[in-house]
Amino acid sequence: MSNTKPSLPKGTRDFGPVEMARRNYILETIKDTFRLFGFEQLETPAMENLSTLTGKYGDEGDQLLFKILNSGDYLKGVTIEEVAQGSSAILPKIAEKGLRYDLTVPFARFVVMNRNELVFPFKRFQIQPVWRADRPQRGRYREFYQCDADVVGTDSLVCEAEILLMIKRVFGAFGLTDYTIKINNRKILTGLAEFIGAPGKEQELCVSIDKLDKIGWEKVKGELLDRGFVADAIDKLAPIVRREEGLNADTLGFFREILGSSIVGSMGVDELSQVLDLLEAMGGDQSHVSFDPMLARGLSYYTGAIFEVKINNVSIGSVSGGGRYDNLTGVFGLPDVSGVGFSFGVDRIYDVLLELGLFGDVAAAPVDVLITHFGQQEMNYGLGILSELRALGISAEIYPDTSKIKKQFAYADKKNIPYVIVIGSEEMNSAKVTLKNLRSGEQHTDNLNKVCEVLVQKKRSPND
RNA sequence: GUGAUUGUAGCUCAGCUGGUUAGAGCGCUGGUUUGUGGCACCAGAGGUCGCCGGUUCGAACCCGGUCUUUCACCCCA
C-alpha cells in the first residue's frame, strides 16, 4: 500500500462544513433575489468542446484554458513529425474538450442552441465553478465560482434599474451598509474621447482610466502619452478627472454640457439619467448609487451601462460588476442578441462578510438537539424519541455508540449543539426525559411532550 | 509567462555562525469526576524538519533541482 501524502492541485480548495454553511447562506440570499426578480436558473456542463471555448478570450485566455486529454489512446493518429513541431501542433489531436473558463460563453452557446425554444427576453442566472490555469494568488484561484445573471433580448433600461435593485436587496440582506454601486455608461466614455479630441480611442482611454484608482493620475497620464494621446487631449481630460465627486444629478448635468456636441456621448448621459429615474420609479432611491464617469472596467465588449460595486473601508476589490453588451451570440452565428448582465463575486463577498463579522450565527449549530444515553437499552429507547423529534421538524441526532456520558456531552459541546436529552434508567422508569440547555446549564426532567414543546418553541423564536 | 517569497507536531510558530535525544502554545487522548460539556490541575500520544539529490566527520540550517504557499507584474473574479 503506497502512503502518499494527500494534497490538492494548485489553486483549488476544500470547503469544510463551516465554510459551506456560510457559502450556502450567501448563495441562497442571492438566488432568492434572482428568483424574486424573475430569473431562471441554468446549468451547463463543466466541460465544453474546445472549439466552443478557444478564440473567445484572446490569446492569453486560450493559454489559461484547462484542456482535457482525450480518452483512450490519445496519441493514436499523432505522427512523430507533428510531435517535433511542438505542442500546439498536436493539441487539437489529443484534446477536444476543455473546462469552462467563464459562464458567459457557455450561456451564449446555450442561447444559440435553444433560440427557438427560449422565450425572449430571457432572464437567466447561473452559479457554477469555472477553471483558469492562472497563477494563483490570494483571492485568486484556479477553480472558483461565478454567479451570473443576464437578461438577453431586450434593450430596455428597466433591466439596468432592476440590477441596481437586486444589488441593493442582496447587500441589504447581508447587513452591509457602507458600499457604493458605481455606475457609468460606455457611451459617455466614447463621448469623452471625442471631447478631448481623440475620437475612436476610447478603448485605450478606458484601459488607462480604469487604473486611476490603483496607480493614480500621474501614472495614468504617462500611460496615455505612451498610448499616443497628445498633451492637449490630456490637458482637456485633467479637469474632468480631478472633478470632485458630487451628487449624481450635478455630475450628469456637467457631462450633459461638455458632451453636448457628441451624439453618442449625449445618448450615454440620457441613458444613465433614465436608469436613475427608473430606479426611483421602481421604488428604489439613489442611496449607494454613484455616477462615476471614470469607471471603465477592462472588458471591451460593454456598450452601454457599466457597474461595479465596492465595499467601503475594506481592503478588498470590487465584489460585483457587470454591464450592457451588444451581440452576445455573434461568434456562434446569431447576430443582434444584446443584453445586460452582472455577476456577484461570491468568494470576495465571503471575505468581506468575514472581515466585518456579519455572518453572525450562520453555521453555529448543525443540529438542535443531541440524545445521549447510558447504555444500549437507553439508546434503543432514544431511537423512538429521535424519530418523534424529527417528525416535529426538530433536527436531532443520537450519539451512536455507547460511551461515557462525559464524552457524549463533549461531542455536543464541540459541535455547538444547544440542547442535549439525557436518557438513563431513571428517565426510562418514569417515562420522562431530561433536557439540558448547554448554553445556560439549566436542566429539567419532564415527559417527552413537554420537552418537545420547549424545543419547538425555541426553534420558532431562537432568541427567547 | 516574468521576478521574488514560504514550507518544522492536527493548527500557529520558536529553533543561535552547521554540532548529542528538534521545542512552545493551542488542539488531541486519558485521569482528577462510573448521571453531565465548557473552567482548572495532572499525565500521555503525536515530527522521514515539503520532496529528491549534493557539500560535510556531521545538515532543520549551506548548495542545486522540484513541488507548495504568498506577493508584485500581466490579466482577471
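Computation of the quantities below employed the complete heavy-atom set of this structure, encompassing side-chain atoms and omitting hydrogens, waters and symmetry-equivalent molecules. Residue numbers begin at 1 in each chain, while the letters A, B, ... track the order of the sequences.
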Measure distances between side-chain N and O atoms of [X] and base N and O atoms of [N], and say whether any donor-acceptor pair falls under 3.5 Å.
X	N	result
A:E427	B:G35	yes
A:Q443	B:U36	yes
A:R135	B:C73	no

Categorize [X] for me: base, sugar-phosphate, or nothing, with a 4.0 angstrom heavy-atom threshold over every strand shown.
X	answer
A:I405	sugar-phosphate
A:G58	nothing
A:Q408	nothing
A:R140	base
A:Y141	base
A:K436	base
A:Q137	base
A:R439	base
A:S425	base
A:G11	sugar-phosphate
A:A412	nothing
A:G139	base

Report the nucleotide, chosen from [options], that has the shortest atom-to-atom distance to any side-chain atom of [X].
X	options	result
A:K404	B:G37, B:U36, B:G31	B:G31
A:E60	B:G37, B:C75, B:G35	B:C75
A:K414	B:G37, B:U29, B:G31	B:U29

Range-with-range stems of RNA chain B (Watson-Crick or G-U pairs under 3.5 Å, three or more in a row):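 In RNA chain B, stems of three or more pairs: B:1-4 with B:70-73, B:10-13 with B:23-26, B:28-32 with B:40-44, B:50-54 with B:62-66.
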Under 3.5 Å, is there a donor on one side chain and an acceptor on the other for [X] and [Y]?
X	Y	result
A:T52	A:R109	no
A:K415	A:Y411	yes
A:S343	A:Q146	no

Answer yes or no: is there an ion pair linking [X] with [Y], defined by an N-O contact shorter than 4.0 Å?
X	Y	result
A:E162	A:K123	yes
A:D347	A:R13	yes
A:E19	A:R22	no

Separation between CD of A:E96 and CG of A:N70, rounded to the nearest 0.5 Å: 4.5 Å
Pairwise distance CE(A:M294) to CD(A:E245) - rounded to 0.5 angstrom: 11.0 Å
[N] [atom2] sits how many Å from [X] [atom1], rounded?
X	N	atom1	atom2	value
A:Y419	B:G38	OH	C1'	17 Å
A:D59	B:C75	CG	C1'	13 Å
A:I371	B:G37	CD1	P	20 Å

Please report the distance separating the [atom1] of [N] from the corresponding atom of [M], rounded so that it comes out in whole Å.
N	M	atom1	value
B:A72	B:A9	C1'	33 Å
B:U8	B:C16	P	16 Å
B:C26	B:U68	P	34 Å
B:A60	B:G18	C1'	10 Å

Whether A:Y411 stacks on the six-membered ring of B:G37 base, 5.5 Å and 30° limits: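 Not stacked: fails the 5.5 Å / 30° test.
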Within the 6.0 Å centroid threshold, strictly below: A:F39 and A:F125: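 No.
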Side-chain N,O (A:K10) to OP1/OP2 (B:U68) below 4.0 Å: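 For A:K10, the contact criterion (side-chain N or O under 4.0 Å from OP1 or OP2 of B:U68) is met.
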